[in-house]
Every structure is written in structure tokens, then in C-alpha cells.
Number of protein chains: 2
Amino acid sequence: MDTGTNTEAAIARTLKKNNLSITESRKKILQLFLEQTGALAHGDIEKKAGEKFDRVTVYRTLQTFVEKGIIHTIPTADNSIRYALCKDACSDGHHHDHHVHFVCTNCKKTYCLDDVVTPEIKLPKDYTAEQVEVVVEGLCRDCR
Amino acid sequence: MDTGTNTEAAIARTLKKNNLSITESRKKILQLFLEQTGALAHGDIEKKAGEKFDRVTVYRTLQTFVEKGIIHTIPTADNSIRYALCKDACSDGHHHDHHVHFVCTNCKKTYCLDDVVTPEIKLPKDYTAEQVEVVVEGLCRDCR
DNA sequence: TTTGATTTTGCAACAATGTTGCTTTTTAAT
DNA sequence: ATTAAAAAGCAACATTGTTGCAAAATCAAA
Ligand SMILES: [Mn+2]
Ligand SMILES: [Mn+2]
Ligand SMILES: [Zn+2]
Ligand SMILES: [Zn+2]
């Protein structure tokens, strides 16, 4: 059984499911996420796929994937957005990623802790919460 | 009693306390933070003080203030760092801001919720937490 | 209060990042 | 195969952030 073909098929399925036409750049970028444990910054993707594709294409592909709920963004303190695959039931225009993110201060790798749900936050009366983002910084498994 | 003078004196005191020489740009930028309820992005500061000072000076001043524990950064989803005054006992090289931040999805204002402490997060065994950042998005008091 | 070492600023040049309009190419349906 | 629609590539531009260096401001000591 050819794993490469299977992955390729899964990628095509994901794209079709989201009403996206199957293009080289979308296939390549989605594959990068599937091969990856952690999250990817725009820069990472540009380095890994950028020789084949225009910078603008990478920007537009990431934007499309976020809109479709295929990947989600992770805010970090260093002003560089990371992207990671959505594992929850995210769909076009609506994300449901209620998990905590972890950024290693040493290796800078960023992880989705899919099993750690974001806590309830009790806000002052005047505020209405729509979404809670939790980013934990520290040392990852590999770095301590 | 002249409030202007008092503020000015307080600003000078803060700078001295942190072993910073008292300069026009530092005074002006610190004053902006004191006049302000919420947080300021670099862009805001550049607009409000930028006609008088060089862009580079604003960058360097903010960096210095962060290092000295006068202000702290707030990560946000839109990749634009916000800065706010430290109210806790932050000092040179060491911050102790354990409060939750709130970003209004409507007006984009960013608030320090100084009384809402960041919760404990139970991580998988392999991870060590050094700092927890919580950013809540929703509607602020003025926008609902 | 002048002097002089030290720090900070402004400027210029550059690098990195992100955006937009338009043309060509690719995709997917007929 | 043909064709309409979508996406990619390209160029030009805008914004944001960084660095080295000379000029100016600050501060402390004389
Ligand atoms: Mn995630
Ligand atoms: Mn704060
Ligand atoms: Zn690590
Ligand atoms: Zn608001």
C-alpha cells in the first residue's frame, strides 16, 4: 500500500470537501501541515514550499485555508502568526478550536494541545466573551 | 494645583526610578500611556507622537520600557502587538503581569483586566509552563 | 555653570512582511 | 475539446521593523 498516494488522496478529499479546486500549491501546503507535528509560521511555509510558489500564492492559500476552517491561527508574543491544522469540527467561516496552545521558549516550536480545553474566564459584568485564547509559554518535551 | 505639573513630575520619577535619562520622547510616550485607558499599538503611538519623533525612536523607546518593566506587551490574533502600562510590581528584566487581556472585536480596543488573574492550566506531563497568556475576545462595555 | 563622557536621537539605508491590480495559466464542468 | 471561472504569477507598492553611524541631548563632575 502506497502511503504517499493515500495522503494525496486525503488531501484531495479535504480540498473537495471545502469546495476548493485542487491545485499544486494547495496540495503542497496542505501536505506540509500534515507532515508536521507542530504549527507553521508563514516564513516556514515560504521556505519549505516557496521555491516552487510565489510568495503571494502562499499568503492567499493560507488565507483561504483559514476561511474554510482547514487551519487556524495561533497568536504569539513575537508578532508572528503560526498556523496549525484544525482537528475539531471547523467549517467554512466558523472555527471551533477551544484548545490551549504551547510555545517553547527554547526551540520556538508551537504545539496545539488538543486535549487541553480553554478554561472559563469570569469577566467583569461589562464584558462579553466570544472567544478565549490561551497561549502557554515554557519548555517543550524535547527541550528540557 | 497644577495637574499637568504633577503628571510631569510623576513621569520624571518613573524614569529616574528605572535609571533612564529624562528625554522628550520618553516623557511624551509615557504620558500617552498614562492618559490612556486601554492599550496602545505601535501604530497608535506613532500617530499620536510620531510627528515629533522619529519612527525608530518610538521603536527603541517601547523596547526600553518593556525591558525596564514599565510597560508589557499583549499578544493579539491580528499580529499587531499592543502595549500597556504595568500596574503590578514589574521591574528591570522581570515582569509579573498575571492578568487577563480583553480585545473588543468591534472597536479593537484592548484592555488589561487587572483583577482577572490567569488560571492555572494543567499541561501534559512533558511540558513545563513558564507563563500563561490569556486573551479574551468579545464586546467591550462601550460596544454592546 | 561650564565641561566632557555617555546616552539618546535622527537619519539613511536596508530588510522583511504584507497588499493590490492585472495578465496568464490552470482547473473543472459542459 | 471547449469554455467560463478560479487561481497563480508577476510587478509594483505599502507597511513594518532593523541597523550603523553622525549629531544632539542628557547628566554628572569639576
Ligand atoms: Mn491549535
Ligand atoms: Mn495587561
Ligand atoms: Zn522546545
Ligand atoms: Zn469595543
(request) Just say parallel, tilted or perpendicular for the rings of A:His96 and A:His94, cut-offs at 30° and 60°. (result) parallel

(message) side chain to side chain contact (heavy atoms under 4.5 Å, CB included) for B:Ile22 and B:Lys27? Distances and angles first, verdict last.
(response) CA-CA 7 Å; B:Ile22 296 165; B:Lys27 280 195 288 185; 3.8 Å; yes

(message) Count I, L, V, M, F, W, Y as connected when their side-chain heavy atoms are under 4.5 Å apart, and connections chain through other members. Are A:Leu20 and A:Leu30 then in the same cluster?
(response) yes

(request) Treat each ILVMFWY residue as a node, draw an edge where side-chain heavy atoms are under 4.5 Å apart, and state whether B:Leu113 and B:Val135 are in one component. (result) no

(message) Using the rule given for side chain to side chain contact (heavy atoms under 4.5 Å, CB included), can you reason through B:Thr37 versus B:Lys109, listing the C-alpha separation, both sets of side-chain angles and the distance that settles it, and then say yes or no?
(response) CA-CA 9 Å; B:Thr37 319; B:Lys109 266 197 189 171; 5.6 Å; no

(request) For nucleotides 5-18 of chain D, just jot down a letter per nucleotide in 5' to 3' order: B, S or -, based on protein non-hydrogen atoms under 4.0 Å. (result) -SSSBBB----SBB

(message) Between B:Val66 and B:His95, does the side chain to side chain contact (heavy atoms under 4.5 Å, CB included) criterion hold? Intermediate values first, please.
(response) CA-CA 9 Å; B:Val66 170; B:His95 284 267; 4.1 Å; yes

(message) In this structure, how many angstroms lie between the P atom of C:dT17 and the CD1 atom of A:Ile45, rounded?
(response) 13 Å

(request) Rounded off to whole Å, could you give me the NZ-to-C1' distance for the A:Lys27 and C:dT27 pair? (result) 11 Å

(message) Could you work out, with ring pair (Phe, Tyr, Trp, His ring centres under 6.0 Å) as the rule, every residue matching A:Tyr111, not counting sequence neighbours?
(response) B:Tyr127

(message) Within the 4.5 Å heavy-atom criterion, are A:Pro75 and B:Glu133 side-chain neighbours or not?
(response) no

(message) Rounding to 10°, can you tell me the angle the first-five-pair axis of the helix from C:dT1-D:dA30 to C:dT30-D:dA1 makes with its last-five-pair axis?
(response) 30°

